[in-house]
Amino acid sequence: MDEQLAARVNRLLAGPTGLGTSAARVADALRPSPVVPLPRGPVPSSSPPSPGRRGGRFSPGYAEREWGDGSFPPLYCPLTARVDDDLSREVNDRLVEWAEEVGIYPGRLDRFRDAGFGRLAVLAHPETDDVDSLLFGAKMNAAWWASDDYYADESDLGAAPTELPPRLALVTSAMDPPPPAGKYTDQLEEAIAADPVLVALRSAAGHLRRLATPSQVMRICTTTSQMYVSWAAYAAWRHLGTSPPVWRYLAARQHDSFYTSMTLVDIVGGYQLDANLFYEPRVHRAAMQAGTAAVIVNDLFSAEKEAADDLPDCNVVLLIAEEEGCPLREAVETAVAMHNHFVRGFEASQKELAAVPSQELQRFLLGVQGWMAGGFDWHGTSGRYN
Ligand SMILES: CC(C)=CCC/C(C)=C(\C)COP(=O)(O)OP(=O)(O)O
């Protein structure tokens, strides 16, 4: 952390009477105090606005939103702050060019274009209009999804449960290169260069390093590896042909959620939420609540497609139906209620944290809220699910 930033964090977290330990200062800063409502207009920033950023830093609020064919109970979800089709097209076009360069999805780039990961970035990061930052968000998500398709889910792209763990271990080395080890490093580099998924992840990580601080970079690397532990569990269940109980799947899914994507919020927004605030338990819980809600949206939108697979992926709707012995419709209703519970939990956390005097934290929570909203819109319109 540079000195200025360190001083700022210390000032921010210092209690009025100068408490001794930094843990005590964090606790003090986060002690519940009168709830300050979320700002409805642009949030004044202590850091100067980056050039080319129009803002979008306001909360459009939450609502019950219809989804699918409208026949299921609505999802309680934040409203979307920005829909910009021109910007989405620009980011998506540049993303498809990048995908071609790194070599993912050859012969399937039309489908990749229709998935619209560029549009996802624009919907989910309303704070910025900066094409390069949005492109970074799109690349990182597309690269994660490529690892999901190629290693975990799509057998016609070579996914195989027994190969998944060693492949994921290589991702960690592609994103966070280990110290040189002579000829073994040469061999590692050859393996990375030969796998377009690893090339994509390394390229996205290179873009990350251009935009982010060291602690943000390591946040992304470690969150990626943490997410992959859950993927290894799914692979084992798939290999053994067993279904996990719902509680066990949910516990894995909560660490394999759009929390991962939300860890990009401040980086794409052009600022840093300091690590001690990012990982403060109440902030962490809020981000996990939002990530879990957003990934239940994914399970809801992909349940039908996944039910049709010969070897279905784990999906909360399908697992609830199996465990409860109930019709899919009832399982969907249960998953919707679970989603709404997490969104309301996030909203309560956000209100509680509104009292913390950190511009970056308030921006970040608003960004996470924006991600849930954008993720909802994207799932309803992406060629991947529709
Ligand atoms: C890819 C990514 C951004 C990782 C976060 C975790 C996540 C939400 C997924 C891997 C998506 O899960 P799933 O495999 O169910 O997604 P699809 O339905 O295949 O798109």
Side-chain angles (χ1 to χ4, degrees), residues 95 99 104-105 108 111-112 114-121 123-125 136-157 159 161 164 167-168 171 175 197 200-201 204-205 208 220-235 237-238 244 249-265 267-268 287-288 290-309 311-319 335 339 342 368 371-372 374-376 378-386:
L95 181 73
I104 49 175
Y105 302 104
R108 297 178 178 224
R111 261 162 75 181
F112 179 78
D114 288 347
F117 296 117
R119 179 173 159 77
L120 171 63
L123 284 166
H125 296 279
F136 156 66
K139 281 182 192 173
M140 202 67 249
N141 277 285
W144 281 323
W145 249 296
S147 63
D148 185 43
D149 288 342
Y150 278 81
Y151 298 164
D153 285 351
E154 307 284 337
S155 30
D156 57 336
L157 287 177
L164 177 117
R167 283 170 148 180
L168 295 183
V171 173
M175 291 181 68
V197 175
L201 282 154
L208 166 69
I220 303 309
C221 292
T222 54
T223 306
T224 302
S225 302
Q226 173 185 325
M227 170 174 82
Y228 285 157
V229 174
S230 295
W231 294 20
Y234 309 149
W237 292 325
R238 205 169 182 160
Y249 168 70
L250 192 62
R253 194 60 160 156
Q254 286 179 274
H255 286 281
D256 160 42
S257 81
F258 287 116
Y259 167 83
T260 308
S261 305
M262 292 166 184
T263 59
L264 306 182
V265 159
I267 302 166
V268 175
M288 292 290 279
T292 301
V295 90
I296 293 174
V297 170
N298 177 279
D299 276 5
L300 284 166
F301 274 92
S302 56
E304 203 177 320
K305 180 183 94 169
E306 285 169 356
D309 281 359
L311 199 55
D313 289 352
C314 284
N315 177 299
V316 78
V317 174
L318 306 184
L319 291 173
H339 167 275
F342 284 113
V368 167
W371 207 105
M372 277 193 280
F376 172 88
W378 177 74
H379 278 87
T381 51
S382 165
R384 194 174 167 94
Y385 309 103
N386 297 278

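Just so you know, ligand 1 is whichever comes first in the structure, and atom 1 is the first atom listed for that ligand. Computed from a prediction, not measured in an experiment: that's the story for all the values here.
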Shortest protein contact, atom 19 (O) of ligand 1 (heavy atom only) = R384 NH2, 3.1 Å
Where is the tightest heavy-atom contact between E306 and C314, given as atom of each residue plus distance?
-> OE1-O, 4.0 Å
The reported gap from CE in M175 to CG in L208 (rounded to nearest 0.5 angstrom) is 6.5 Å
In ligand 1, which numbered atoms sit nearer than 4.0 Å to a non-hydrogen atom of S261?
-> 3 (C)
Should F301 be listed as contacting ligand 1, given a heavy-atom distance under 4.0 Å as the test?
-> no
Examine N298 against ligand 1 and note whether any of their N/O atoms are separated by less than 3.5 Å.
-> yes
Element-labelled atoms of ligand 1 that are located less than 4.0 Å from some non-hydrogen atom of W144 | 1 (C), 2 (C), 3 (C)
Give a yes or no on this: more than 12 heavy atoms of other residues, nucleotides or ligands lie within 6.0 Å of atom CD of Q254.
-> yes
Which residue owns the protein heavy atom closest to atom 4 (C) of ligand 1, what's the atom, and how far is it?
-> M227 SD, 3.6 Å
At a 4.0 Å cut-off, with the gap strictly under it, does some heavy atom of E306 reach an atom of ligand 1?
-> yes
What part of S257, side chain from CB on, backbone N/CA/C/O, both or neither, has a heavy atom under 4.0 Å from ligand 1?
-> backbone
N315 to A303 - nearest heavy-atom pair and separation | ND2-CA, 3.4 Å
For the residue pair H379 and F258, is the inter-centroid distance of their aromatic rings smaller than 6.0 Å?
-> yes
Given R384, which of D114, D149, D153 fulfils the salt bridge (Lys or Arg N to Asp or Glu O under 4.0 Å) condition?
-> D149
Relative to the heavy atoms of V295, which atoms of ligand 1 are at a distance of less than 4.0 Å?
-> 8 (C)
Minimum non-hydrogen distance to atom 14 (O) of ligand 1, winning option of T224, N315, N141, D148 | D148
Location of contacts on Y385 toward ligand 1, heavy atoms closer than 4.0 Å | side chain
If we number the atoms of ligand 1 from 1 as shown, the ones under 4.0 Å from a heavy atom of W231 are 10 (C)
Geometric N/O contact D149 with ligand 1, under 3.5 angstrom | no
For D256 and ligand 1, does the shortest N/O to N/O distance drop below 3.5 Å?
-> no
Residue selection (non-hydrogen contact nearest atom 8 (C) of ligand 1) among F258, F117, Y234 = F258
Taking side chain as C-beta onward, heavy atoms only, is V295 less than 4.5 Å from D256?
-> no
Would you say the side chain of R253 lies within less than 4.5 Å of the side chain of D299, judging by non-hydrogen atoms?
-> yes
Atom pair CZ (F112) and CZ (F117), whose distance is rounded to the nearest 0.5 Å | 6.0 Å
Is the closest N or O pair between D153 and ligand 1 shorter than 3.5 Å?
-> yes
Distance-only N or O hit between ligand 1 and R253, under 3.5 Å | yes
W145, any N or O under 3.5 Å of ligand 1 N or O | yes
Should W231 and S147 be marked as a side chain to side chain contact (heavy atoms under 4.5 Å, CB included) after you check the CA-CA gap, both sets of side-chain angles, and the distance that decides it?
-> CA-CA 10 Å; W231 294 20; S147 63; 3.4 Å; yes
Show which atoms of ligand 1 fall inside a sub-4.0 Å distance from at least one heavy-atom site of S302.
-> 18 (O)
Is it true that Y150 and Y105 have ring centroids separated by less than 6.0 Å?
-> yes
For A152 and R238, work out which heavy atoms get closest and say how close.
-> O-NH1, 2.9 Å
